[in-house]
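Data block below; observations after.
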Amino acid sequence: MTKTVLITGATSGFGAAAVRRFANAGWRIVATGRRVERLQPLVEEYGADTVHAAAFDIRDETALEAALSALPGRFADIDVLINNAGLALGTAPAQTASLADWRTMIDTNITALVTLTHRLLPTLIERKGVIINMSSVAASYPYPGGNTYGGTKAFVKQFSLGLRSDLHGTGVRVTSIEPGMAETEFTLVRTHGDQTASDRMYGGAAPMTAEDIAEQLFYIATLPPHLNINRLEIMPVTQSFSPFQVDRKA
Ligand code: NDP
Ligand code: 8X3
């Protein structure tokens with residue numbers, strides 16, 4: 001039977017690659033994001049029976065509800081929810097960071113994610129579905145300038161584990177996926193459009209690709225129903241850990 005996946009943040013990066021991965025495997029996809037001009041080509045590529053585009057700002061609860069209520073019948077029964085939409089904004093230390101940037105990250109990475117999850121839980125329980133939440137290595141390993149971004153992803157990780165506990169006995173599976181460095185528009189967004197900074201970040205680093213992460217998402221979504229990956233942390237081989245820092249002036 002054809003299954004349906006709702007993928008947030010499908011206009012770019014992991015989400016767009018995931019749309020393609022699931023579509024190529026014969027799934028139906030509800031693809032969301034603000035940039036409708038990025039969603040429409042996916043509909044044209046795979047057909048309106050395979051990809052349904054729902055363009056809205058995920059922080060806008062009214063728009064989110066309208067988009068879900070307007071889902072055509074064949075897309076309404078969501079089997080898999082991939083909460084992927086999110087962003088980092090800024091790399092400044094907390095003491096000079098923008099409070100507006102912090103709020104945008106919290107509203108997008110946390111508030112919108114829990115709102116959509118809460119809205120779809122009845123369907124997911126009825127269908128013994130799968131929830132995959134996009135966290136990050138930044139959830140577990142702090143780094144300078146990671147402050148609120150890492151905090152939001154730590155929430156996503158812990159929320160996922162909590163959901164898993166609450167959904168015990170329902171057959172619903174929940175995974176927190178925690179990638180390290182992957183080349184997408186992530187750094188362009190984080191630096192407010194600095195292409196040079198983005199190129200510097202990924203240049204020569206052999207980062208993961210969006211397709212690498214899409215493959216993990218598809219793998220998790222298609223595991224046998226008795227298996228649950230609680231957390232999947234994944235990095236490029238070229239990325240690892242630094243020692244603690246010590247201020248020797250003290
Ligand atoms: P991209 O910037 O390429 O994609 C981000 C996606 O999120 C876009 O489709 C964007 O759509 C969507 N999005 C952001 N804000 C909103 C909003 N307000 N309403 C609706 N959609 C929104 O980055 P990635 O693909 O890398 O990021 C996807 C997820 O993966 C994020 O949660 C990110 O934190 C996480 N991540 C990324 C890593 C990396 O190294 N790239 C590593 C670990 C985690 P649009 O702008 O059209 O609305
Ligand atoms: C993005 C990965 O390492 O840039 O979540 O924080 S990292």
Side-chain angles (χ1 to χ4, degrees), residues 6-21 30-42 53-64 67 82-91 101 103-113 115-116 132-157 160 176-193 195 197-198 200-202 205-214 216-217 231-236 238-242:
L6 188 152
I7 303 172
T8 68
T11 59
S12 168
F14 300 165
V19 171
R20 295 199 159 87
R21 182 63 184 89
V30 178
T32 85
R34 287 167 297 188
R35 288 169 288 180
V36 68
E37 71 279 9
R38 297 277 194 99
L39 296 175
Q40 209 45 48
L42 293 168
F56 60 93
D57 186 325
I58 202 160
R59 296 166 296 175
D60 180 344
E61 196 176 340
T62 308
L64 183 153
I82 301 184
N83 277 316
N84 164 72
L87 76 173
L89 285 174
T91 52
D101 281 354
R103 288 194 169 127
T104 301
M105 288 187 276
I106 292 166
D107 292 347
T108 312
N109 301 357
I110 298 180
T111 309
L113 182 146
T115 302
L116 178 59
I132 308 175
N133 291 327
M134 188 57 67
S135 178
S136 164
V137 292
S140 303
Y141 311 103
Y143 58 83
N147 43 66
T148 295
Y149 178 68
T152 65
K153 293 303 183 180
F155 175 91
V156 172
K157 174 173 83 168
S160 304
S176 165
I177 177 164
E178 298 158 20
M181 183 172 56
E183 185 168 7
T184 63
E185 293 177 17
F186 177 83
T187 298
L188 196 61
V189 171
R190 184 171 210 167
T191 58
H192 297 280
Q195 186 64 56
S198 180
R200 204 182 314 121
M201 167 70 94
Y202 302 121
M208 294 186 292
T209 65
E211 289 70 28
D212 291 331
I213 300 305
Q216 303 307 312
L217 295 170
R231 297 178 50 225
L232 193 158
E233 187 181 294
I234 180 167
M235 278 178 159
T238 52
Q239 183 182 32
S240 66
F241 312 99
S242 291

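Computed from a prediction, not measured in an experiment: that's the story for all the values here. Every number for a ligand or one of its atoms is a count from 1 in the order of the listing. Scope of the values below: all heavy atoms of this structure, side chains included, with no hydrogens, waters or symmetry mates.
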Show me a pair-per-line table, with atom names and distances to 0.1 Å, of protein N or O atoms that are under 3.5 Å from an N or O of ligand 2.
unit_1	atom_1	unit_2	atom_2	d
ligand 2	5 (O)	Ser136	OG	2.5
ligand 2	5 (O)	Tyr149	OH	2.6
ligand 2	6 (O)	Tyr143	OH	2.6

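Annotation for Glu178 and Ser176: closest pair OE2-OG, 2.6 Å, computed over non-hydrogen atoms.
Met134 places a side-chain heavy atom less than 4.5 Å from the side chain of Pro179. Side-chain contact check for Met201 versus Met181: some heavy-atom pair is nearer than 4.5 Å.
By the side chain to side chain contact (heavy atoms under 4.5 Å, CB included) test, Thr108 is found to be paired with Ile58, Arg59, Leu87, Thr104, residues two or more places apart in sequence or in another chain being considered. With sequence neighbours excluded, the residues that form a side chain to side chain contact (heavy atoms under 4.5 Å, CB included) with Thr148 are Trp102, Met105, Ile106, Thr152.
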Trace of the side chain to side chain contact (heavy atoms under 4.5 Å, CB included) decision for Leu6 with Leu116: CA-CA 10 Å; Leu6 188 152; Leu116 178 59; 4.1 Å; yes
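Formation of a donor-acceptor pair under 3.5 Å by the Asn84 side chain with backbone atoms of Gly9 is found in this model. Remark: the backbone N or O of Leu89 is not paired with any side-chain donor or acceptor of Arg190 at under 3.5 angstrom.
The distance from atom OG of Ser136 to atom CD1 of Ile234, rounded to the nearest 0.5 Å, is 12.5 Å.
Protein residues having at least one heavy atom under 4.0 Å from any atom of ligand 1 are Gly9, Ala10, Thr11, Ser12, Gly13, Phe14, Gly33, Arg34, Arg35, Phe56, Asp57, Ile58, Arg59, Asn84, Ala85, Gly86, Thr108, Met134, Ser135, Ser136, Tyr149, Lys153, Pro179, Gly180, Met181, Ala182, Thr184, Glu185, Phe186, Val189, listed by chain and number.
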